[in-house]
Amino acid sequence: MVRHLGALAADAAPGTRLPSVRELTAHHHVSPVTVAEATRRLVADGLVETRPGRGAFVTARRPGPPRADMSWQTVALGSRRGGEDEMQALLELPPSGAIPLTGGYLDPDLQPAAALGAALARAARQPAAWQRGPVEGRLDLRAWFAREAGGGLRAEDMVICPGGQAALSSTLRALTVPGDTVLVESPTYLGALAAARAAGLRVVPVPADADGVRPDQLAAAFARTGARLFYCQPLYANPHGATLSPARRARVTEAVRDAGAFLVEDDYARDLTIDGQAPPPLAADDPDGHVVYLRSLTKPTAPGLRIAAIGARGPAGARLRAARLLDDLFVAGPLQQAAVEFLTAPAWDRHRRGLRVQLRARREALLAALDRHLSSPAPRTVPRGGLHLWVRLPDGTDDVAVTTAAAAAGVTVFPGRPWYAAEPPAPHLRLTYAAAPPEQMDEAIRRLSTALPD
């Protein structure tokens, strides 16, 4: 009925009278109530208007908006910032039916949603949580992050941020000026590359291997570029999974100290340890304030818990706190209170223990599937924590083309190329084991194998 009336209205000229209720009931063998309901729906859509005592008529067509000329914006905006497409692709949701082996967050089945919901409900009932509070963030929450940094920082050195990416962006802008050079591991987190380029920085990669960044190459890069900032993930680095070895920790901090530079320690994966115990943060042994410490709760909990902190001492800390004030004023009080409620409850330790077991099962299932279906590619290193495997592809393979073909085969993976600040030395894929259950790993890699060239 609605379809028939809509077609009549679309084909008729404005002001045309539509068939009467009697004609429509006879034609469609329906009741007058059904005709009236169909007419009401078309009136709501703006296609039909009713005139009391006269019937229903086709409404006058409204002229569409004038065709806009946006070409002037090309000149006004200038060149596009790099990294935006890659970040958008990284955050895309997998299509229906695809097995996700990409992403930066836990599978919903691994997230402590019930505990977080209960904590947020308790926080929302506290009137003080809705007040402004300190712009640096709640003191008890800052104290928790300071303790997690290993004792090298105080609560007064920390500032709460709405997520790790916001903390990183603020850090880069606060401690540099456009045109400066920032050193990064190669490969490294592509969100750091995007943030650095958005800040107008020149990005110089420093080689890393299974033991983390190479100290000799780091010292050489400082000497050659005059850089005063080095971004590093010493623990389960994203994407390659390496942990900075004990033998290199002192040499890396020495290179930073000798250069009179800052080391931005992104400790995103401390709560994602699978095997053994994680070494302490570099910030725990930093007497002279060279380390800027960044820690987020989002990765080990849920995407909606946008709570992170950055900490630094001396003038650098003051600049970071000022930058965060200008960016956001402060982080929402109820979310901060919910984080405190969750972190100080038994649910937090219980969640981390269960998460270790679940991540180990998923990692082992993915490794077994790789061994079963792919004879040539192999992970360069098996990470002791984190969310990802870094898989080497045969020389000459187009990793971007493989990613596209894999999506067509029903499995989403991420190419290695965007994780490099310069030309990649070899093709890789980043495979995330936290986004799909263990029982799907075998089928995921079987689908991936069909996307690889013979």
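What's counted below: heavy atoms across the whole structure, side chains too, no hydrogens, waters or symmetry copies.
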Under the side chain to side chain donor-acceptor pair (under 3.5 Å) rule, what do His388 and Arg430 come out as? Steps first, then yes or no, please. CA-CA 6 Å; His388 319 288; Arg430 194 195 73 162; 3.3 Å; yes
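- Annotation: side-chain hydrogen bond (donor to acceptor under 3.5 Å, both in side chains) contacts involving residues 243-252, sequence neighbours excluded, comprise Asp209-Arg248.
- At least one side-chain heavy atom of Phe145 sits under 4.5 Å from a side-chain heavy atom of Ile307.
- Shown are Leu244, Val213, Leu218; of these, the side-chain contact (heavy atoms from CB on, under 4.5 Å) with Glu185 is made only by Val213.
- Salt bridge Arg447/Asp442: absent, no basic N to carboxylate O contact under 4.0 Å.
- Ion pair Arg313/Asp157 not flagged as a salt bridge, since none of the NZ, NE, NH1 or NH2 atoms sits closer than 4.0 Å to an Asp/Glu carboxylate oxygen.
- In summary, Arg270 and Glu148 do not engage in a salt bridge, as defined by a charged side-chain N under 4.0 Å from a carboxylate O.
- Of all the heavy atoms in Asp399 and Gly416, the pair that sits closest is OD2-N, 3.0 Å.
- Annotation for Arg360: atom CZ counts as buried by contact number, over 12 foreign heavy atoms lying within 6.0 Å.
- Considering every non-hydrogen atom in both Ala227 and Ala261, the closest pair reads O-CB, 4.2 Å.
- Classified by interplanar angle (parallel below 30°, tilted 30° to 60°, perpendicular above 60°), the ring pair Phe414/Trp419 is perpendicular.
- Using a 4.0 Å cut-off between charged nitrogen and carboxylate oxygen, Arg321 and Glu136 do not count as a salt-bridge pair.
- Every pair passing side-chain hydrogen bond (donor to acceptor under 3.5 Å, both in side chains) that includes a residue from residues 215-225 is listed here, sequence neighbours excluded: Arg214-Asp216.
- A salt bridge between Asp267 and Lys299 is absent, with no side-chain N of the basic residue lying under 4.0 Å from a carboxylate O of the acidic one.
- Within 6.0 Å of CG on Asp140 lie more than 12 heavy atoms contributed by other residues, nucleotides or ligands.
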